[in-house]
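All remarks here apply to the structure that follows.
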Amino acid sequence: QVQLVESGGGLVEAGGSLRLSCAASGRIFSLSGMAWYRQAPGKERELVAEISSGGSTNYADFVKGRFTISRDNVKRTVYLQMNSLQPEDTALYYCKARVLTTQGISDYWGQGTQVTVSS
């Protein structure tokens, strides 16, 4: 019913930048909070950044000053601008969205996009 599609991942050298995008589609009345998570092999999935429907943001300490989350409510898309990337940022990055549909409020996850940072 609701789909989240991430894009923008890839291979980048340390110190480089990438911008991730996540577009929501389907039977959506409205989008509330959206967020980016990441998971490296053998590690727990962790919150990277989140943004409310009103634009309030919250960041994990390890990305403050380097990453910026933003959203375009008309396009139903959330972005993650990642600068000064380091090898420890290598992970599968997932988009999450809280969605209001005819069935109520539900959280949806994208399939993930791989970010690999070489040293």
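Values in this document were obtained by computation on a predicted structure and should not be read as measured data.
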Let's go through Val117 and Glu13 carefully: what are the C-alpha distance in whole Å and the side-chain angles of both, what is the deciding distance for side chain to side chain contact (heavy atoms under 4.5 Å, CB included) to 0.1 Å, and is it a yes or a no?
CA-CA 5 Å; Val117 185; Glu13 295 183 357; over 6 Å; no
Among Val115, Val48, Val63, side-chain contact (heavy atoms from CB on, under 4.5 Å) partner for Leu80:
Val48
Taking atom CD of Gln39 and atom CD of Glu46, what is their separation to the nearest 0.5 Å?
9.0 Å
Nearest 0.5 Å please: distance from the CD1 atom of Ile28 over to the OG atom of Ser106.
11.0 Å
Rounded to the nearest 0.5 Å, what's the gap from CD on Gln3 to CZ on Arg27? Could you check?
10.5 Å
Using side chain to side chain contact (heavy atoms under 4.5 Å, CB included), reason through Arg66 and Asp89 one step at a time and then give a plain yes or no.
CA-CA 11 Å; Arg66 299 191 298 127; Asp89 295 316; 2.8 Å; yes
Thr113 side-chain N/O to Gly9 backbone N/O, donor-acceptor pair under 3.5 Å:
yes
Close side-chain approach of Asp107 and Val99, heavy atoms under 4.5 Å
no
Start with the C-alpha gap between Trp36 and Glu50, add the side-chain angles, then the distance that decides, and say whether side chain to side chain contact (heavy atoms under 4.5 Å, CB included) holds.
CA-CA 6 Å; Trp36 289 97; Glu50 57 188 352; over 6 Å; no
Note, Tyr93 side chain near Gln114 side chain (heavy atom, < 4.5 Å):
no
Reported SG-to-CD1 distance for the pair Cys22 and Ile69, which is rounded to 0.5 angstrom:
9.5 Å
Asp72/Thr77 under side chain to side chain donor-acceptor pair (under 3.5 Å): CA gap, chis, key distance, verdict
CA-CA 5 Å; Asp72 185 327; Thr77 300; over 6 Å; no
Report whether Phe29 and Val2 are members of the same hydrophobic cluster (ILVMFWY, side-chain heavy atoms less than 4.5 Å apart, transitive linking).
no
Distance from Leu92 atom CG to Glu6 atom CD, nearest 0.5 Å?
8.0 Å
What one should report as the nearest heavy-atom pair of Leu4 and Cys95 is CD1-O, 3.8 Å
Within 45° cone of Tyr94 ring axis and under 6.0 Å: Arg45 NZ or CZ
yes
Walk me through whether Tyr37 and Trp109 qualify under ring-ring contact (aromatic ring centres under 6.0 Å, His included).
CA-CA 10 Å; Tyr37 289 73; Trp109 292 84; 5.0 Å; yes
Taking every heavy atom of Leu47 against every heavy atom of Ala35, the minimum-distance pair comes out as CD1-CB, 4.0 Å
Axial cation check for Tyr79 ring with Arg71, 6.0 Å and 45° limits:
no
I'd like to know whether CD of Gln111 has more than 12 heavy-atom contacts from other residues, nucleotides or ligands below 6.0 angstrom.
no
Main-chain N/O of Gly33 paired with Ser52 side-chain donor or acceptor, under 3.5 Å:
no
Any idea which heavy atoms bring Ala91 and Ala40 closest together, and the distance?
CB-N, 3.9 Å
Between atom OG of Ser56 and atom CD1 of Ile51, what is the distance when rounded to the nearest 0.5 Å?
8.0 Å
Show, in sequence, the C-alpha distance, side-chain angles and deciding distance for Ser17 and Gln81, and conclude whether the side chain to side chain contact (heavy atoms under 4.5 Å, CB included) test is met.
CA-CA 8 Å; Ser17 298; Gln81 178 66 48; 4.0 Å; yes
